[in-house]
Structures are given as structure tokens and as C-alpha cells.
Amino acid sequence: MSSGTSPRTSPTRLSRLLVRGVDAAAAGDAEELRAAAAALAELDAEQVRTVSGDVLRDLLEGLHPDGLDADDLRAVVARTARSATWLPDLSPDLLVLVLTGALGAHPDTADGDPPPALPAPLVAHALLLLEDLLRAAGRPLAPHLDAALAEVRRRETVEAP
């Protein structure tokens, strides 16, 4: 089933796959990272984008409580790229795209249109950024992931008629 039209994903499955991908990035395991990214890319695109974006944003805000500027973002991209030289298809451009998306600096889809599918390479780069920011913050993924999933549940409750 296409990720743009798939039903809502189980939070447990989404969490497991995000943990699997971040662990693969930490281990420098390109094959496992690609497998986790491909599995995430098959899930509900909006949900994956929202949860991973919320975690990325939370980590960025925690590391830069006085605000982010372009130099901070360049430093994140450079640090992530240096730490992921083991990934042959690493793309700094995709790292930038993920960061700008997490910060809301990207065009939204028109209301009512299903979100576009998430390509697995884009998801892999999100996992690389998550791992890098978690390492820089010295924090585990679980509390950030729990907070992001709770926020998704809260938004869905507020939006429900």
C-alpha cells in the first residue's frame, strides 16, 4: 500500500522502526539503516513525517535554547555528514531538506490532498540526523519519541469532531 494512502500506523510499530533506524545509524550499519528507512517509508507518510519532525525539532530546540540560526543548521549538517561517511549515498542536500522540513520551512500540500510518499533515502537521512542530535544532546530517543507520539494523539483528539 502506498504511504500516501496507507491507514494510520500503530504507534508501537512506528516507535520500533524509528528506534531500529536510529540504532542502525549509531552502529554505522548502512544495510540496516536502509531496511529501517524502507519499512518507515511504507507507513503513513504524514505520521512518520510528523513524529520524526517533532523529535528533530525538540532536539534542535534543546540544543539551541536561545534559538537556531543558519550557522547552527550548517554545523548540524556538517557534523552529521562527517559522522556518516560510512553511508555511500550520503547527501548533505537531503540532510538540509529534512532539517528545513522539520522546522516547517517547506511548502505544504494543498488541503485535502494526501501527503506525498516519503522516499526511503529521505527517511534514512532523517534517521541520521536523529542519531546525531541524540548523541550531541547525550539523550536517549525514548522520551522524545514518547512526547512526539503524545502530541500526535493530542492533535488528533483536538481535531476530531
Side-chain angles (χ1 to χ4, degrees), residues 1-6 9-64 68-109 115-149 152:
M1 193 177 296
S2 164
S3 51
T5 60
S6 62
T9 301
S10 151
T12 302
R13 178 163 169 68
L14 177 57
S15 295
R16 281 190 202 134
L17 288 171
L18 285 168
V19 168
R20 177 180 162 198
V22 169
D23 287 350
D29 186 338
E31 185 175 321
E32 184 62 19
L33 177 72
R34 286 188 193 105
L40 284 160
E42 290 298 317
L43 303 180
D44 178 76
E46 179 183 1
Q47 196 172 10
V48 173
R49 188 181 293 110
T50 299
V51 171
S52 60
D54 284 356
V55 174
L56 282 168
R57 200 169 31 263
D58 187 42
L59 288 164
L60 286 166
E61 290 170 358
L63 287 166
H64 303 279
L68 284 162
D69 62 23
D71 288 338
D72 295 327
L73 295 175
R74 275 192 287 276
V76 169
V77 169
R79 187 182 62 230
T80 302
R82 277 192 308 274
S83 69
T85 56
W86 50 268
L87 187 64
D89 49 351
L90 175 70
S91 168
D93 290 340
L94 287 180
L95 294 172
V96 170
L97 184 62
V98 170
L99 278 176
T100 57
L103 295 171
H106 59 82
D108 292 327
T109 58
L118 285 175
L122 190 64
V123 177
H125 283 72
L127 294 167
L128 291 171
L129 283 162
L130 285 168
E131 189 280 326
D132 176 77
L133 291 169
L134 287 163
R135 187 171 12 91
R139 304 273 321 266
L141 177 58
H144 297 280
L145 193 51
D146 291 345
L149 290 167
V152 166

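These numbers were taken from a predicted model, which means no experiment stands behind them.
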Contact check, side chains of Leu60 and Leu99, non-hydrogen atoms, under 4.5 Å: yes
Test item: Arg79 and Leu133 side chains (from C-beta on) under 4.5 Å apart, heavy atoms: yes
Residue pair Val48 / Leu17, side-chain heavy-atom distance below 4.5 Å: no
Between CG on residue Leu18 and CG on residue Leu127, distance to nearest 0.5 Å: 6.5 Å
From CA spacing to verdict: side chain to side chain contact (heavy atoms under 4.5 Å, CB included), His144, Leu130: CA-CA 10 Å; His144 297 280; Leu130 285 168; over 6 Å; no
Side-chain touch His125/Leu90, heavy atoms, less than 4.5 angstrom: yes
Test side chain to side chain contact (heavy atoms under 4.5 Å, CB included) applied to Leu59 and Leu129, step by step: CA-CA 10 Å; Leu59 288 164; Leu129 283 162; over 6 Å; no
Spatial distance of atom CG (Asp69) from atom NE2 (His64) [nearest 0.5 Å]: 8.5 Å
Test log, rule side chain to side chain contact (heavy atoms under 4.5 Å, CB included), inputs Leu128 and Val98: CA-CA 10 Å; Leu128 291 171; Val98 170; over 6 Å; no
Note, Val19 side chain near Leu145 side chain (heavy atom, < 4.5 Å): yes
Asp54 side-chain N/O to Val51 backbone N/O, donor-acceptor pair under 3.5 Å: no
Non-hydrogen atoms of Ala37 and Ala124 that approach each other most closely: CB-N, 3.6 Å
Asp23 side, atom CG; Leu33 side, atom CG - distance, nearest 0.5 Å: 11.0 Å
Inter-residue atom distance Arg20.CZ - Ser15.OG, 0.5 Å rounding: 14.0 Å
Asp71 with Arg74: basic N within carboxylate O range, under 4.0 Å: yes
Verdict with supporting geometry, Leu40 and Leu14, side chain to side chain contact (heavy atoms under 4.5 Å, CB included): CA-CA 7 Å; Leu40 284 160; Leu14 177 57; 3.6 Å; yes
CD-CG distance between Glu131 and Leu141, expressed to the nearest 0.5 angstrom: 10.5 Å
Non-hydrogen side-chain atoms of Asp89 and Pro121 separated by less than 4.5 Å: no
Spacing of CG belonging to Leu122 relative to CZ belonging to Arg49, to within rounding of 0.5 Å: 8.0 Å
Heavy-atom closest contact (Ser83 atom, Trp86 atom, distance): O-NE1, 3.1 Å
Minimal non-hydrogen separation, Leu87 against Ala30, with atom names: CD1-CB, 3.8 Å
